[in-house]
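So that the names make sense, note that chain A is the first sequence line, chain B the second, and so on, each numbered from 1.
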Amino acid sequence: MASVKPRVKVPKSASAGEVITIKTLISHPMESGQRKDSDGNPIPRQIINKFTCEFNGQVVFSCDIEPAVSANPYLEFTAKVNEAGTFKFTWVDDDGSVYTEEKEIALN
Amino acid sequence: MTLTRRSMLTLSVGAAIGAVAGMRTSPALATAEDAMAKVKEFAGGAEPATGTITLNAPEIAENGNTVPVSVSVESPMTEDDYVESVAIFADGNPSPDVITFNFTPMSGEASATTRMRLAKTQNVIAVAKTSTGQVFMDKKEVKVTIGGCGG
């Protein structure tokens, strides 16, 4: 889907051991599979069903998403930073597409 | 048959009841029992305790399409004792599942925020499971003015 665009907000730097807040948003219709089109036919379900956040290859946070999550799913969570490195964010779509985004963080 | 004022009233009340009953049957919504069954399944037999977990959701949501909901659990978040996962359920949606957050000790804190859909006024339930096998639950009623699940 061409319109899917992930956006992530991570602080540029943090002190060692600091707990930072990460905000993510991905543009996606999150079609719930409950709606019907004008002819009364059900619109097939198409949602992001999994989100994972990794830091230097280790999973920090993940979630399993159901159709009850709003369109353009927004997620806010925390991560503890002990070293400089890269956050990798992965969204998995019902149709098998995977969207990723990466953000660097430095120690100060 | 002549339509008197009284018979008109009876008829319209009957029609209104019929309409309400019809509306209730069309989108199959989950019930509180379905949601509690999900909670039990998630808890894995443990009896959920109250406290420790805080669920934050608006008391009144004008638009059921995007209802902000956040959850936080008090926990040391160390390797030996951390919150493994928090599940959110809604007992009046077509399906009670909303989202499951999976935390690790690297999360630092067991707190997360998202936005959810609510089909009507209903209870939102959050259940947390810790690595030491404890289960905590919090519940909040959200009044919805406009439903958010289509139909």
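- Both A/Trp91 and A/Met30 are part of a single hydrophobic cluster, where members link through side-chain heavy atoms under 4.5 Å apart.
- Using a 4.5 Å heavy-atom cut-off against chain A, no residue of residues 47-55 of chain B qualifies as contacting.
- Within the 4.5 Å cutoff, no side-chain heavy atoms of A/Glu66 are placed close to those of B/Ile88.
- Of the inter-residue distances, the one linking B/Thr114 atom OG1 with A/Leu25 atom CG reads 9.5 Å to the nearest 0.5 angstrom.
- Side-chain contact between B/Asn102 and A/Asp64 is present, with heavy atoms from C-beta onward closer than 4.5 Å.
- For A/Phe55, the parts lying near chain B are the backbone and the side chain together; criterion is any non-hydrogen pair under 4.5 Å.
- Heavy-atom distances place no part of A/Pro42 under 4.5 Å from chain B, backbone and side chain included.
- Nearest heavy-atom pair, B/Ser107 versus A/Val60, reported as atom, atom and distance to 0.1 Å: OG-O, 2.7 Å.
- At a threshold of 4.5 Å between side-chain heavy atoms, the hydrophobic network of Ile, Leu, Val, Met, Phe, Trp and Tyr places B/Val69 and B/Ile125 in two separate groups.
- Here the closest heavy-atom approach between residue A/Ser70 and residue B/Asn65 is recorded as OG-O, 2.6 Å.
- The shortest heavy-atom contact between A/Val59 and B/Met106 is O-SD, 4.4 Å.
- Judged by distance alone, the side chain of B/Thr104 and the main-chain N or O of A/Phe61 form no donor-acceptor pair under 3.5 Å.
- Within residues 73-80 of chain A, the residues that have a heavy atom under 4.5 Å from a heavy atom of chain B are A/Tyr74, A/Leu75, A/Glu76, A/Phe77, A/Thr78, A/Ala79, A/Lys80, listed by number.
- Of all heavy-atom pairs between B/Arg115 and A/Val69, the closest is O-CG1, 3.5 Å.
- By the 6.0 Å contact criterion, CD on B/Glu62 is open, its count of non-hydrogen atoms from other residues, nucleotides or ligands being 12 or less.
- Surrounding NZ of B/Lys40 are at most 12 heavy atoms belonging to other residues, nucleotides or ligands under 6.0 Å away.
- Note on B/Val135 and B/Met36: same hydrophobic cluster, where clusters join Ile, Leu, Val, Met, Phe, Trp and Tyr whose side-chain heavy atoms are under 4.5 Å apart, directly or indirectly.
- B/Tyr82 and A/Ile22 fall within the same hydrophobic cluster, defined by Ile, Leu, Val, Met, Phe, Trp and Tyr side-chain heavy atoms under 4.5 Å apart, directly or through other members.
- Hydrophobic clustering (ILVMFWY, side-chain heavy atoms < 4.5 Å, transitive): B/Ile99 and A/Val92 are in distinct clusters.
- Heavy-atom contacts from other residues, nucleotides or ligands closer than 6.0 Å to CD of B/Glu79 number 12 or fewer.
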